[in-house]
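Below, chains carry the letters A, B, ... as their sequence lines are ordered, and counting in each starts from 1.
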Amino acid sequence: MQYHDNSLINSRLIKLNKLLELGIDPYPARFKRSSDIYTAIDKFSSNEIDDSENLNNTDKVTLAGRIMAIRSMGKAKFIDIRDFSETIQVLFRANVLEETFGLLEHLDIGDFIGATGHIMRTRTGQITLHGDEFTILCKGIRPLPEKFHGLKDTETRYRQRYLDLIANEDVIKTFTNRSKILNGIREFLNGRGFMEVETPVLVATPAGAHAKPFVTFHNSLDETLYLRIATELYLKRLIVGGFDKVYEIGRVFRNEGIDQDHNPEFTLLESYESYADYNDVMNMVESLVSELAIKINGKATINWDGHDIDLTPPWKRLSLKEEILNRSGIDLDDYPDDLSLTNKAKSLGMDIGDLENRGRLIDKILSQYVEPNLIQPTFIIDYPEIMSPLAKSHPQKVGYVERFEAFIAGMEIANSYSELNDPVIQRKRFEEQEEIREMYGDEELDRLDEDFLVAMELGMPPTGGLGMGIDRLVMLLVEQVSIRDAIIFPHMRSQK
RNA sequence: GGGCCGUUAGCUCAGAUGGUAGAGCACCUGACUUUUAAUCAGGGUGUCGUGGGUUCGAGCCCCGCACGGCCCA
């Protein structure tokens, strides 16, 4: 990167050289603080006695942080420094610092300094570190975004998230909350006896979901590999292996478009609980989400994109067949084959090809007619078998499986079923998917994983499984409308 | 993939009808020992995303491209 022609960088480089000429190391290896800024202020406030003129009424503290503002008053300078905990104003006075006061001239907004002194209050009551000495901890040579208007340019915010974090405090809040959500999920599941595991990201068969995979290659094995699109089949292998309750919070990769609620890599929670069914999982999901909301926001309601959404259990549970009938007028059972359903959908004006497979059609009908209406948390239950090859058939509803998807704010946030554990039917379902894929050239259909079938053949207990998109959950809980504001480095096209 | 909008100083933005590129903050020079979006005086620091075209003349008009955003598929 060239910067010799940039005057703002130039003036900082000149200051840097001045410091070096004076024998000052602008990048010292270490610095000992007495505490973070928040702790120091907290301690000062709680011990404060009404004697602001006496600087020795508190212990000396040593604080450090990034310079966020400099207000120069001639022989006094006010410098705001910020660490992760808090911001504090530091007052440096010429008669206190003596000859080192001049060095302050070489500081800029964005530099890191450490300062030692007593905490006091100014005339206006501002808590201030009255600095006796200071140390330059890092001289920055590139200017920061302006403090008042912040950094707004979305492209810069996402590509250079560090600038976004420095300039926009609410972004720090968002990602702090994201971290709390992840912790909260782990506490919730661990508390219920689940064990966290890690399964392969590089896989020979990209199975367990309807999605196009990313392809890669292992040189020394001379083998094409894929980035996983789900963790399902490995986690169920672990249920076969005897773990009763497992979960994984991991990145999965789907080779699809990017929009407000899709990022090509995203964080997926999958959990599998032996001797549970999809009803148990529904109960778990609504408890988990509402408890997280309370943990993050102190209440179970959110305001998302203008909607007031109440996450308090129980959530509505509506059958897929009924909802599609109510919203689109289509009774799926009247159109049992691909062609008749294609024709029906076309007659409603849906933009589809001459012949589409039934699973894909139902998915489109669902997205177009049902999902946008599901603002309050809703479980849509009992999906057609043809679009759910890994789910157990419903004992009463022929052609349907025990599956649900959870929707909030029109977004799918979870997918779950009573896991299919009949190895003969499981093989048949996979073969069916393979046939449909070949017939329709639909690259997104699920794939047959032979080793997974071997595991099923050994026997898996009845199991309730769950997949939950964590980025979308974060979007809801931090009330952000774009997935890019819930992922700290969202995917962006490379710059040429 | 299609449509619309955007890209101007480090940041946030303004630039009717085509006629020497502007503001606030930041930055530079000076004043100021309790300021706090400090203040006061002075200074504009630019490949107007990019490549073509039209024109005496393009930030502005036309075409292509890149990147971003929104909507649609």
Side-chain angles (χ1 to χ4, degrees), chain A residues 1-15 18 52-55 67-82 87-98 101-102 104-111 117-132 140-169 256-262 305 345-346 349-353 356 360 363-364 367-368 372 410 480-485 490-496:
Chain A
M1 171 94 48
Q2 300 253 325
Y3 44 69
H4 57 265
D5 52 346
N6 183 313
S7 67
L8 290 170
I9 289 178
N10 242 339
S11 81
R12 288 167 183 248
L13 284 171
I14 290 166
K15 292 173 184 174
K18 286 253 176 63
S52 56
E53 294 303 309
N54 180 5
L55 290 178
I67 296 176
M68 299 308 293
I70 300 175
R71 291 176 294 281
S72 185
M73 297 280 300
K75 294 200 172 59
K77 272 180 193 287
F78 294 90
I79 297 183
D80 292 343
I81 63 170
R82 181 170 92 187
T87 299
I88 192 170
Q89 166 174 278
V90 186
L91 167 60
F92 292 115
R93 298 166 71 197
N95 62 324
V96 177
L97 260 57
E98 298 176 342
F101 187 77
L104 295 171
E105 290 301 321
H106 304 127
L107 296 179
D108 287 293
I109 291 171
D111 297 349
H118 293 281
I119 296 183
M120 56 150 210
R121 279 188 192 271
T122 62
R123 280 175 199 158
T124 51
Q126 173 79 39
I127 290 179
T128 299
L129 175 62
H130 190 266
D132 299 331
I141 61 166
R142 189 175 286 274
L144 256 39
E146 180 236 336
K147 64 195 168 198
F148 189 58
H149 295 92
L151 177 67
K152 289 185 178 169
D153 182 78
T154 49
E155 187 169 353
T156 309
R157 288 186 47 226
Y158 299 145
R159 283 191 198 279
Q160 296 177 270
R161 185 66 92 177
Y162 42 91
L163 288 177
D164 195 25
L165 291 165
I166 293 168
N168 299 316
E169 254 177 275
E256 58 198 7
I258 299 175
D259 62 28
Q260 280 204 86
D261 44 3
H262 292 86
D305 200 18
K346 283 179 84 167
M350 289 181 67
D351 184 17
I352 49 175
E356 302 242 15
R360 177 167 278 270
D363 194 50
K364 284 194 176 179
S367 343
Q368 186 166 332
Q480 291 293 332
V481 173
S482 170
I483 200 167
R484 298 180 199 89
D485 293 312
H491 191 82
M492 303 289 274
R493 195 186 287 267
S494 308
Q495 285 174 307
K496 300 208 172 102

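- Among the protein residues, Lys364(A) comes within range of no part of the nucleic acid, since none of its heavy atoms lies under 4.0 Å from any strand.
- Residue Arg71(A) places none of its side-chain N or O atoms closer than 4.0 Å to OP1 or OP2 of U35(B).
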Open item on the list: If a pair means Watson-Crick or G-U wobble with both distances below 3.5 Å, what does RNA chain B look like in dot-bracket form, with | marking bases paired to a different strand?
Closed with: (((((((..((((.....[..))))((((((.......))))).)...(((((..]....)))))))))))).
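- Gln89(A) has no side-chain polar atom (N or O) that falls below the 4.0 Å cut-off from OP1 or OP2 of U35(B).
- Across the P atoms, C62(B) and U45(B) are found 31 Å apart, a figure rounded to whole Å.
- Closest contact between the side chain of Gln260(A) and the listed nucleotides A26(B), C71(B), G68(B) involves C71(B).
- A donor-acceptor contact under 3.5 Å is not formed by the side chain of Thr124(A) with the base of U34(B).
- In this structure, Gly257(A) reaches neither bases nor backbone, as no heavy-atom distance under 4.0 Å exists between it and the strands shown.
- Using a 4.0 Å cut-off, some side-chain N or O of Arg159(A) falls inside it from OP1 or OP2 of G68(B).
- Looking at heavy-atom distances under 4.0 Å, Thr156(A) makes no contact with the nucleic acid at all.
- Atom CD of Gln126(A) is separated from atom P of U35(B) by 11 Å (rounded to the nearest Å).
- With RNA chain B read from its 5' end, the first of the two nearest nucleotides for Asp153(A) and Asp259(A) is the one closest to Asp153(A).
- The base of U34(B) lies outside donor-acceptor range of the side chain of Arg123(A), with no N or O pair under 3.5 Å.
- Side-chain proximity of Leu151(A) to the nucleotides C70(B), U12(B), U36(B) is greatest for U12(B).
- Residues Leu91(A) and Leu144(A) each lie close to RNA chain B; by heavy-atom proximity, the contact nearer the 5' end of the strand is made by Leu144(A).
- OP1 or OP2 of A73(B) has not a single side-chain nitrogen or oxygen of Gln368(A) nearer than 4.0 Å.
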Could you go through nucleotides 3-9 of chain B and list every protein N or O atom that sits under 3.5 Å from one of its N or O atoms, giving the distance for each pair?
none

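- Under 4.0 angstrom from either OP1 or OP2 of C70(B) there lies at least one side-chain N or O belonging to Arg484(A).
- For the OP1/OP2 pair of C32(B) and a distance below 4.0 Å, the side-chain nitrogens and oxygens of Lys77(A) include no atom meeting the criterion.
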